[in-house]
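Once you've had a glance at the structure underneath, I'll fire off some questions.
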Amino acid sequence: MKQVRITVAAMTMVAILLGGGCRRAATQEEGFAVMGTYASVVAGGGEGPPVAGDARICEEKMLENDSPLSLFRTDSELCRLDARSGPGPVRAGRHLQANLELALRFGTLTGGAFDVTVGPLVKMWGFSGGQTPAERVSRDRIEEALRRVGYSRIRLQGGEVCLEATNMVVDLGGIAKGYAVDVCCDELRRRGARNFLINLGGNMRCFGRPESTRPWQIGVRNPFQQAQIIGKVDLEDGVAVATSGNYERFVVIEGKRYAHIIDPRTGFPVEGMAGVTVLAATAAEADALSTSLFVLGMKEGVKVVAAITNGAAVFIPDRKPLEVWVVPAITNVFRAGAGIVPQIIVTAH
Ligand code: AMP
Ligand code: MG
């Protein structure tokens with residue numbers, strides 16, 4: 001039986017959990033709204049005890065994560081940190097510290113393509129609570145904002161964090177949902193759950209199996225026709241998957257669409273990429289990785305994928321006809337849809 005407290009707007013999600021038909025009876029799914037998006041917990045019917053109230057437990061954990069890390073709650077630890085930008089350190093709780101540590105790691109790994117201090121630009125382009133600009137943002141404004149961007153100006157030491165310049169804005173939107181999924185997975189496992197999948201706005205991680213005979217499987221959305229999938233990915237125990245897409249959140253300025261992911265090196269929203277789906281060992285890494293690869297593109301992105309334990313990726317460039325590019329590491333778990341021939345990215349050594 002399927003329980004859904006609210007209608008899970010699966011169509012807005014970037015990767016879809018695949019079940020269907022009579023097989024669904026083996027799983028129980030419950031969805032709820034949290035962290036500005038939809039979450040769901042699917043309990044598998046494989047071996048091992050089901051955990052009572054697992055969706056409630058996850059909802060609580062997600063809220064516990066959201067309250068210190070949200071840019072939309074003026075009393076959050078993150079907003080207090082941004083407000084103290086320049087003057088001095090603030091104490092950081094464990095979730096904020098963990099997110100910042102990971103953010104700094106990805107900042108370094110991607111040469112600054114992933115940068116959580118991109119907040120002033122994110123807002124300037126109309127995301128994360130910013131007003132949609134009436135016209136294309138001017139170079140002067142971008143240059144002014146860029147002076148406040150730079151992950152290396154986050155100082156994290158002994159449980160305290162300091163932003164070294166004034167008016168910096170840390171935006172954890174590219175990482176915090178994945179991190180929250182890991183926190184929930186740890187909690188459900190601690191309580192004995194063995195077969196489940198957690199999805200928070202397209203950031204997923206699964207354990208065990210939905211049924212003893214088959215693995216968890218997700219569909220990768222076609223960014224140009226979102227009701228369709230371009231292929232399926234089988235997920236092994238513990239694997240996380242995340243997608244960043246230009247169709248998830250965007251603004252239209254003077255008739256042109258701008259995606260919600262900003263290239264911190266130029267200050268402009270990224271163009272040229274329609275969707276990136278990644279696999280990684282944790283949901284936090286998958287979340288950071290998908291945003292990073294969206295900015296870096298295929299050529300630079302594959303080098304970062306190679307540096308991540310169990311990292312793998314599917315890239316869909318923003319051009320037609322549809323092209324699907326995959327790294328060799330994903331070929332044994334990715335099955336392309338009918339009529340789609342994935343191209344394998346060959347990296348030069
Ligand atoms: P995702 O959907 O996981 O790719 O995350 C996108 C969100 O991450 C945006 O809505 C912003 O909040 C934030 N963001 C945008 N650009 C970057 C960037 N270059 N590095 C880190 N976070 C970013
Ligand atoms: Mg992300």
Side-chain angles (χ1 to χ4, degrees), residues 12-15 35-38 66 69-72 78-79 82 99-100 102-130 132 142 145-146 149-152 154 168-182 199-205 221 223 240-251 258-280 282-297 300-301 304-305 308 311 313 315-316:
T12 68
M13 290 179 187
V14 276
M35 291 176 86
T37 184
Y38 294 99
D66 192 36
L69 306 180
S70 173
L71 271 185
F72 294 92
L78 187 65
C79 285
D82 288 345
N99 272 269
L100 290 175
L102 198 69
L104 294 179
R105 186 180 141 214
F106 271 84
T108 309
L109 199 64
T110 61
F114 186 85
D115 191 331
V116 291
T117 68
V118 78
L121 289 156
V122 172
K123 283 187 184 244
M124 194 171 273
W125 284 99
F127 304 101
S128 293
T132 307
I142 286 176
L146 279 172
V149 173
Y151 70 93
S152 58
I154 300 175
M168 289 176 71
V169 181
V170 173
D171 181 337
L172 298 171
I175 199 171
K177 293 188 187 73
Y179 174 83
V181 169
D182 288 331
N199 180 4
L200 176 53
N203 296 283
M204 305 186 196
R205 190 167 176 200
R221 243 179 236 301
V241 58
T243 299
S244 292
N246 68 355
Y247 50 95
E248 292 179 272
R249 256 176 297 147
F250 57 85
V251 288
Y258 294 92
H260 66 303
I261 300 175
I262 311 290
D263 187 335
R265 300 161 302 183
T266 63
F268 281 84
V270 175
E271 291 185 38
M273 192 59 75
V276 182
T277 293
V278 303
L279 304 188
T282 66
E285 287 173 304
D287 195 357
L289 186 61
S290 71
T291 311
S292 301
L293 300 191
F294 196 90
V295 178
L296 286 171
E300 292 304 310
V304 174
V305 177
I308 303 292
F315 295 85
I316 304 176

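Read the numbers this way: they start at 1 and go in the same order the structure lists the ligands and their atoms. Only this structure's heavy atoms are used, side chains among them; waters, hydrogens and symmetry mates stay out. Keep in mind that this is a model prediction, so the values were computed, not measured.
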Identity and separation of the nearest protein heavy atom to atom 17 (C) of ligand 1: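 Result for atom 17 (C) of ligand 1: Val118 CG1, 3.6 Å.
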Any idea which protein heavy atom is nearest atom 1 (P) of ligand 1, and the distance to it?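 It is Thr291 OG1, 3.3 Å.
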Atom 2 (O) of ligand 1: which protein heavy atom is closest, and how many Å away?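 Closest protein heavy atom to atom 2 (O) of ligand 1: His260 NE2, 3.3 Å.
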Just to be sure I read this right, does ligand 1 sit under 4.0 Å from the backbone of Ala113, its side chain, both, or neither, counting only heavy atoms? backbone
At the 4.0 Å heavy-atom cut-off, does Lys177 count as touching ligand 1? no
If you have a sec, work out which protein heavy atom is nearest atom 4 (O) of ligand 1 and how many Å separate them, to one decimal? Ser244 OG, 2.6 Å
Contact between ligand 1 and Phe294 is defined here as a heavy atom of the residue under 4.0 Å from a ligand atom; is it met?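 The answer is no, since Phe294 has no heavy atom less than 4.0 Å from ligand 1.
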Measuring from Asn246:CG to Tyr258:OH, what's the distance to the nearest 0.5 Å?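 Interatomic distance, Asn246 CG to Tyr258 OH, rounded to 0.5 Å: 13.5 Å.
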Check residues 168-179 and write down every donor-acceptor pair under 3.5 Å in which the side-chain atom is one partner and the other belongs to a residue at least two apart or another chain.
residue, atom, partner, partner atom, Å
Asp171, OD1, Gly173, N, 2.8
Asp171, OD2, Ser128, OG, 2.7
Tyr179, OH, His95, ND1, 2.8

Nearest 0.5 Å please: distance from the CG atom of Leu100 over to the OH atom of Tyr151.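 Rounded to the nearest 0.5 Å, the CG-OH separation comes out at 14.0 Å.
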Name the closest protein heavy atom to atom 20 (N) of ligand 1, giving the residue it belongs to and the distance to 0.1 Å.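 I find the closest protein heavy atom is Asp115 N, 3.0 Å.
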Counting only pairs under 3.5 Å, give me each side-chain donor-acceptor contact of residues 102-109, with atom names and distances, residues two or more places apart or in other chains.
residue, atom, partner, partner atom, Å
Arg105, NH1, Glu285, OE2, 3.4
Arg105, NH2, Glu285, OE2, 3.1
Thr108, OG1, Leu104, O, 3.0

Considering Ile262, Val116, Asn203, Thr37, which one's heavy-atom position lies nearest to atom 19 (N) of ligand 1?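 Shortest heavy-atom distance from atom 19 (N) of ligand 1: Ile262.
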Would you mind checking which non-hydrogen protein atom is closest to atom 5 (O) of ligand 1, with the distance to 0.1 Å? Gly174 CA, 3.3 Å
Strictly under 2.8 Å of the Mg ion (ligand 2): which protein N/O/S atoms qualify?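 Gly174 O, Asp287 O, Asp287 OD1, Thr291 OG1, with waters left out.
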For Asp82, check salt bridge (Lys or Arg N to Asp or Glu O under 4.0 Å) against everything at least two apart and list the hits.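 Not a single residue meets the salt bridge (Lys or Arg N to Asp or Glu O under 4.0 Å) criterion with Asp82.
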